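One structure is given here, and the rest of the page talks about it.
Computed from a predicted model, the values in this text were never measured in an experiment. Along the sequence shown, the residues carry numbers beginning at 1. When reading the values below, keep in mind they use all heavy atoms of this one structure, side chains included, and skip hydrogens, waters and symmetry mates.
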Amino acid sequence: MDTLIYVFAVSTAVAACLASLAIWAPRLPWVRIGALAVATLLIPISYIQFVEFLSRPKPRSMEWMQRNAAAAEVLAVSLAEGEAIYMWLRLTGEREPRYYKFPWDLRLAEKLEEDIETAMEKQGKLVLQNPFENRRPGDYGDLNVEIVPPNLPPTKPPPSMPRFHNPRDLKI
């Protein structure tokens with residue numbers, strides 16, 4: 001979300017460059033006006049497209065910037081049988097979760113269901129190792145899913161010895 005405005009600014013600059021080329025090109029006036037109108041339409045269309053894609057899951061194969069991520073915490077899983085596996089992942093070192101679409105794999109779906117139940121029983125979290133590693137379509141069931149137990153709270157120091165006041169003693 002933070003980079004959306006920068007991507008939009010770059011696309012607007014590209015549209016402005018195209019409009020400039022269209023204006024100064026040695027063409028007929030109606031061709032230049034048409035090119036300018038098309039370049040002008042590109043700006044709102046690209047903004048609508050960027051905003052619309054924000055809530056859509058990104059296909060796993062389209063993850064280029066984080067493709068070398070070592071691990072990701074699985075926050076939620078939704079199974080669309082025969083279609084896809086949708087996952088909310090929190091990548092290591094990032095605060096915001098991301099929404100991904102993995103290709104359907106029966107072994108991965110069964111493994112995720114079992115591991116989620118086990119993690120809930122142990123009150124741990126599910127971590128996916130190398131989530132974007134290139135795999136063949138039938139190899140998604142071999143994804144490394146690890147159950148991480150919760151962090152234990154720090155131990156309390158032992159209670160100190162109680163102190164008693166002796167009323168017969170003159171020391172205060």
Side-chain angles (χ1 to χ4, degrees), residues 1-13 46-172:
M1 182 68 185
D2 297 338
T3 59
L4 177 66
I5 191 68
Y6 301 116
V7 174
F8 179 68
V10 168
S11 67
T12 302
S46 65
Y47 183 76
I48 292 170
Q49 180 185 12
F50 289 142
V51 171
E52 181 61 27
F53 281 155
L54 286 178
S55 62
R56 304 285 180 173
K58 180 191 278 186
R60 187 206 66 84
S61 61
M62 298 293 286
E63 181 57 75
W64 300 321
M65 304 294 279
Q66 300 290 334
R67 68 174 173 240
N68 295 325
E73 179 182 355
V74 179
L75 301 176
V77 174
S78 177
L79 303 174
E81 192 167 337
E83 294 178 21
I85 299 172
Y86 299 99
M87 283 196 252
W88 274 88
L89 300 177
R90 179 176 291 140
L91 301 175
T92 304
E94 292 196 15
R95 186 176 175 97
E96 295 177 341
R98 295 181 180 208
Y99 190 29
Y100 291 101
K101 176 182 177 184
F102 282 70
W104 175 255
D105 187 279
L106 182 61
R107 289 186 335 174
L108 177 61
E110 290 174 348
K111 186 175 184 178
L112 282 171
E113 280 185 333
E114 292 172 8
D115 289 344
I116 287 172
E117 288 179 15
T118 306
M120 289 176 64
E121 289 172 4
K122 294 181 177 179
Q123 297 181 348
K125 61 183 179 182
L126 212 58
V127 174
L128 200 59
Q129 302 292 333
N130 299 322
F132 307 113
E133 187 177 51
N134 282 335
R135 296 176 186 271
R136 291 181 296 182
D139 293 343
Y140 287 104
D142 299 331
L143 280 176
N144 292 329
V145 181
E146 181 182 346
I147 299 170
V148 177
N151 293 335
L152 296 176
T155 56
K156 293 181 179 178
S160 61
M161 295 297 292
R163 294 177 19 184
F164 296 100
H165 176 65
N166 185 359
R168 295 183 184 146
D169 193 11
L170 295 176
K171 293 181 185 175
I172 295 180

| remark: Rounding to 0.5 Å, atoms NZ (Lys125) and CG (Asn151) come to a distance of 6.5 Å
| request: Write down the atom of Ala72, the atom of Leu91, and the distance for their closest heavy-atom approach. | output: CB-CD2, 3.6 Å
| request: Specify the closest pair of heavy atoms between Ala71 and Gln129, including all atoms of both residues, with the distance to one decimal. | output: CB-OE1, 3.8 Å
| message | With heavy-atom distances below 4.5 Å as the criterion, would you say the side chains of Trp104 and Leu79 are in contact? | response | yes
| field | Residue pairs, two or more places apart or on separate chains, that pass ring pair (Phe, Tyr, Trp, His ring centres under 6.0 Å) and touch residues 67-99 | value | Trp88-Tyr99
| remark: Sequence neighbours excluded, the answer for ring-ring contact (aromatic ring centres under 6.0 Å, His included) partners of Phe50 is none
| task | Can you measure from CZ (Arg98) to CZ (Arg90) and round to the nearest 0.5 angstrom? | result | 12.0 Å
| Do you know which two heavy atoms are closest between Trp64 and Ser61, and how far apart they sit? | NE1-O, 3.7 Å
| request: Working to the nearest 0.5 Å, report the span between NZ of Lys111 and CG of Leu106. | output: 13.5 Å
| note | Quick note, side-chain hydrogen bond (donor to acceptor under 3.5 Å, both in side chains) partners involving residues 49-58, not counting sequence neighbours, are Glu52-Arg56, Lys58-Glu63
| message | If I take atom CD from residue Glu83 and atom NZ from residue Lys101, how far apart are they, to the nearest 0.5 angstrom? | response | 7.5 Å
| said: For a 4.5 angstrom cut-off between non-hydrogen side-chain atoms, does Leu75 reach Leu89? | reply: no
| said: Nearest 0.5 angstrom please: Leu128 CG to Asp115 CG, how far? | reply: 10.0 Å
| message | If I take atom CZ from residue Phe132 and atom CD from residue Gln66, how far apart are they, to the nearest 0.5 angstrom? | response | 7.5 Å
| Counting N and O atoms only, with roles assigned by atom type, does the side chain of Arg60 sit under 3.5 Å from a partner on the main chain of Glu133, one being a donor and the other an acceptor? | yes
| said: Are the side chains of Leu112 and Leu126 in contact, using a 4.5 Å heavy-atom criterion? | reply: yes
| task | Please name the pair of heavy atoms, one in Ile85 and one in Asp105, separated by the smallest distance, quoted to 0.1 Å. | result | CD1-O, 3.8 Å
